[in-house]
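Convention: sequence-line order gives letters A, B, ...; per-chain numbering from 1.
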Amino acid sequence: MKHTLVDTAHCFTPKSEALQLLIDRGFLHQCTDLEALDEKLRTGPITAYAGFDATADSLHVGHLLPLMTMRWLQKTGHKPILLVGGGTTRVGDPSFRTESRPLLDDTQIEHNLAGIRTTVERLFDLSEGQGQIVNNAEWLDEFRFLEFLRDFGTHFTVNRMMTFDSVRSRLEAQQPLSVLEFCYMMLQAVDFVELNQRFGCTLQIGGSDQWGNIVNGVDLGRRSGSQLFGFTLPLLTTASGSKMGKTAEGAVWLNPSRLSSFGFWQFWRNADDADVPRLLKLFTDLPLGEIDRLSSLQGQELNEAKKILATQVTGIVHGLAAAEAALQQGEALFSGQEDLSQPTHELPLSLLAKPLGLLDLLVKTGFATTNSEARRLIRGGGVRLNSSIVLEETRMISEGDLKPGERLTLAVGKRRKALVGFV
RNA sequence: GGAGGAGUGCCCGAGUGGCUAAAGGGGGCGGACUGUAAAUCCGCUGGCUAUGCCUACGUUGGUUCGAAUCCAACCUCCUCCA
């Protein structure tokens, strides 16, 4: 039960296109058997999967790494399976969490699955035989308890399950770990084997925190006679050490209904200097040569690389048109000559019929979540209306504030600006 | 089932009758400096129809002029014992 742990691939030269590409671009953290996987990838198309919980109606930036990995696999001729955890979400992955997760009901999960689907559909070719979305509720819902125990329970020992970091950390922290959550790792292993039997899936991709769960699946597969592989991705942190993917409004969502293309674009545009090369390799399709060139830019010039990064990623996740529009908006708003492009926010003109306060406007455009927060922003001198700082909390929006086209610019801080149009 | 311990704001964590919308830290946001970067310094960080009002220290009741703080019951978790 030993697995080759390959943290870096210095000593290994892959022969398969897929693995070569993934390693060069920095996707590999660990692999259960790198050489055998390489051979398998080289000799023919394989089917791989990555799992996603259905805890929200949109995926977020943290999910983008496995998604990109799967995307490259598809581009190099392999078949991706995007597994959504319709079944497992009802249990909740306890890995490295200090608290139990709230359990979701079926209608909520159903709603979440639909939201996730919209993103996945844009990233992958899901036509017949190319790739697919699978819901593990399909089989998990079917299991009967005794049957499950008999078929799978015999292959797991509590002794071993206890040794997993995800479990141990919870126990050592004296945090509760319910049997329900404890069994999660069995379910994930069963998923892998089930996908292997149904679709010939032989590879699972996951975050580095999933290593234990993935290995479980690989071991279970061996017991039923299949050689399975696990491949984990590095944990993404920003140069300043924090976990990537959080901003003002919380998580950076992939779904445009949760975060506008402009907001998404801005997230990447505001990346830390030191992160740019890595982000370009992981989250764009640009050739490595081009990335090297962009990465060599220094100082202010690096901002060009950030724009390219932002536009590329937004293009992949939201579509080219949206990415271009976001770029235009960014250019226009930050170069001072706003207008031309489309408003970032459109509000009904009828709002102006009654006196509209600036506080209200800030909340309506999403810059503040509450009136109090809007007030604080104004008090701190962080709000600009048509480029001039507003200090009166009671400021009303009047006809005079509107520029031709019934629009005005609103900015909160240095980085968040919007063109507000009334239609 | 028994004994002991714990549950505080986004997170960690102090607080054991009024001075507590609750120390301190983290995170986040805003300002200055810049390059829509980093680092640094300063400020803010429950809500509202706002010189006041409402909600908040596991839940529900109680004592008190007054409770996160005292009492009771309950819920959840931890440790030890059976």
Side-chain angles (χ1 to χ4, degrees), chain A residues 94 96-103 169-182 237-252 262-280 294-295 297-311 314 326-338 344 354-360 362-363 365-385 387-394 396 409-419:
Chain A
F96 306 102
R97 284 170 186 275
T98 48
E99 281 181 9
S100 303
R101 280 212 302 225
L103 302 175
S169 63
R170 189 88 157 250
L171 293 178
E172 278 168 10
Q174 304 200 332
Q175 292 294 325
L177 176 67
S178 65
V179 169
L180 181 74
E181 295 171 287
F182 188 63
T237 52
T238 65
S240 40
S242 56
K243 203 168 172 181
M244 194 174 144
K246 298 278 181 182
T247 58
E249 279 77 37
V252 176
F262 181 66
F264 188 76
W265 189 88
Q266 283 296 324
F267 168 75
W268 297 96
R269 170 61 185 79
N270 288 323
D272 192 306
D273 281 12
D275 292 327
V276 172
R278 202 160 45 109
L279 296 178
L280 282 167
L294 291 171
S295 301
L297 295 173
Q298 292 298 316
Q300 197 174 158
E301 289 188 329
L302 195 56
N303 282 337
E304 285 311 311
K306 290 187 189 180
K307 284 182 200 169
I308 291 170
L309 169 69
T311 309
T314 309
L327 172 66
Q328 297 292 323
Q329 281 173 29
E331 296 285 3
L333 286 168
F334 284 97
S335 62
Q337 10 136 343
E338 55 281 321
T344 336
K354 278 180 266 180
L356 176 69
L358 179 57
L359 291 178
D360 218 8
L362 285 167
V363 175
T365 48
F367 279 131
T369 49
T370 62
N371 271 3
S372 298
E373 189 184 341
R375 237 175 261 271
R376 265 183 250 123
L377 287 169
I378 294 175
R379 232 176 269 165
V383 176
R384 271 157 301 144
L385 178 63
S387 311
S388 53
I389 295 175
V390 178
L391 290 170
E392 329 128 53
E393 297 166 20
T394 54
M396 303 307 284
T409 57
L410 191 60
V412 169
K414 292 273 159 75
R415 308 173 207 175
R416 293 188 289 160
K417 299 189 183 189
L419 186 58

Any side-chain N or O of A:R376 below 4.0 angstrom from OP1/OP2 of B:rG43? no
Pairwise P distance, B:rC75 and B:rU60 [rounded to whole Å]: 15 Å
What integer distance in Å separates A:L309:CG from B:rA37:P? 15 Å
A:V383 and A:L358: which non-hydrogen atoms are nearest, and at how many Å? CG1-CD2, 4.2 Å
Regarding A:R269, tell me which of base, sugar-phosphate or nothing describes its non-hydrogen contacts under 4.0 Å with the strands shown. base
Given RNA chain B, 5'-ward residue of the pair A:G413 and A:Q298, judged by closest heavy atom: A:G413
Which pair of heavy atoms, one from A:F367 and one from A:K417, lies closest together, and at what distance? CZ-C, 3.9 Å
Using purine N1 to pyrimidine N3 plus N6-O4 or O6-N4 for Watson-Crick, or N1-O2 and O6-N3 for G-U wobble, both under 3.5 Å, which nucleotide pairs with B:rC77? B:rG5
Using Watson-Crick geometry (N1-N3 plus N6-O4 or O6-N4) or G-U wobble (N1-O2, O6-N3), each under 3.5 Å, B:rG30 is paired with B:rC42
Take atom CD of A:E331 and atom P of B:rG35, then tell me their distance rounded to the nearest Å. 16 Å
Between B:rG52 and B:rG7 - P atom distance, rounded Å: 33 Å
Provide the distance between the two C1' atoms, one in B:rC71 and one in B:rG17, to the nearest whole Å. 13 Å
Considering every strand shown, what is the Watson-Crick or G-U wobble mate of B:rC53 when both distances are under 3.5 Å? B:rG47
Looking at A:K414 and B:rU34, is any side-chain donor or acceptor paired with a base atom of the opposite kind under 3.5 Å? yes
Could you check whether the side chain of A:N371 and the base of B:rG47 have a donor-acceptor pair of N or O atoms closer than 3.5 Å, going by distance alone? no
Using whole Å, what does the distance between atom C1' of nucleotide B:rU49 and atom CG of A:D360 come to? 12 Å
Exam field: side chain A:E331 to backbone A:L327, donor-acceptor pair closer than 3.5 Å: no
Return the value, rounded to whole Å, for the distance between atom CD1 of A:I378 and atom C1' of B:rG31. 15 Å
With both distances under 3.5 Å as the test, what is the Watson-Crick or G-U wobble partner of B:rA72? B:rU60
Where the side chain of A:N270 is concerned, which of B:rG35, B:rU36, B:rU49 is the nearest nucleotide? B:rU36
For the side chain of A:T369 and the backbone of A:G366, is there at least one donor-acceptor N/O pair under 3.5 Å apart? no
Candidate nucleotides B:rG35, B:rU36, B:rC29, ranked by approach to the side chain of A:K306 - the nearest: B:rG35
Tell me the partner of B:rA21, counting only Watson-Crick (N1-N3 plus N6-O4 or O6-N4) or G-U wobble (N1-O2 and O6-N3) with both under 3.5 Å; none if nothing fits. none
Nearest-Å distance, CZ (A:R416) to C1' (B:rG31)? 14 Å
Please check if the side chain of A:N270 supplies one atom and the backbone of A:Q266 the other of a donor-acceptor pair under 3.5 Å. yes
Using a cut-off of 4.0 Å on non-hydrogen atoms, how would the nucleic acid contact of A:V412 be classed: base, sugar-phosphate, or nothing? sugar-phosphate
Using the C1' atom as the reference point in each nucleotide, state the distance between B:rA32 and B:rC78 in Å, no decimals. 48 Å
Report the distance from atom CG of A:L309 to atom CG of A:L280, rounding to the nearest 0.5 Å. 5.0 Å
Among the nucleotides B:rG35, B:rA50, B:rG31, whichever has the atom closest to the side chain of A:R375 is B:rA50
Taking for each residue the nucleotide of RNA chain B with the nearest heavy atom, is it A:T370 or A:G381 whose nucleotide lies nearer the 5' end? A:G381
Mind checking the C1' distance from B:rG2 to B:rC53? Whole angstroms is fine. 49 Å
Check the distance between B:rG35's C1' and A:F334's CZ and give it to me in whole angstrom. 12 Å
A:L359 has an atom CG; how far is it from atom C1' of B:rG47, in whole Å? 14 Å
Between A:V390 and A:I378, the two heavy atoms sitting closest are O-CG2, 3.5 Å
Check this for me: does the side-chain of A:E373 come within 3.5 Å of the base of B:rU45 through a donor and an acceptor? no
Pairwise C1' distance for B:rA39 and B:rC33, with rounding to whole Å: 11 Å
Between A:R379 and B:rG31, does any side-chain N or O lie under 4.0 Å from OP1 or OP2? no
Using the ring of each side chain (for Trp, its six-membered ring), is A:W268 parallel, tilted or perpendicular to A:F264, with breaks at 30° and 60°? perpendicular
Calculate the interatomic distance between A:I389 atom CD1 and B:rG43 atom P; express it in whole Å. 19 Å
Identify whether any heavy atom of A:Q266 sits under 4.0 Å from a base atom; if not, whether one sits that close to sugar-phosphate; answer base, sugar-phosphate or nothing. base
Looking at B:rG31, B:rC29, B:rA38, which one has an atom nearest to any side-chain atom of A:L377? B:rC29
What's the gap between B:rU36 and B:rG30 when it is taken at their C1' atoms, as a whole Å value? 15 Å
Strictly by Watson-Crick or wobble contacts shorter than 3.5 Å, is anything paired with B:rU36, and which nucleotide is it? none
With rounding to the closest Å, how many angstrom separate the C1' atoms on B:rA72 and B:rG27? 39 Å
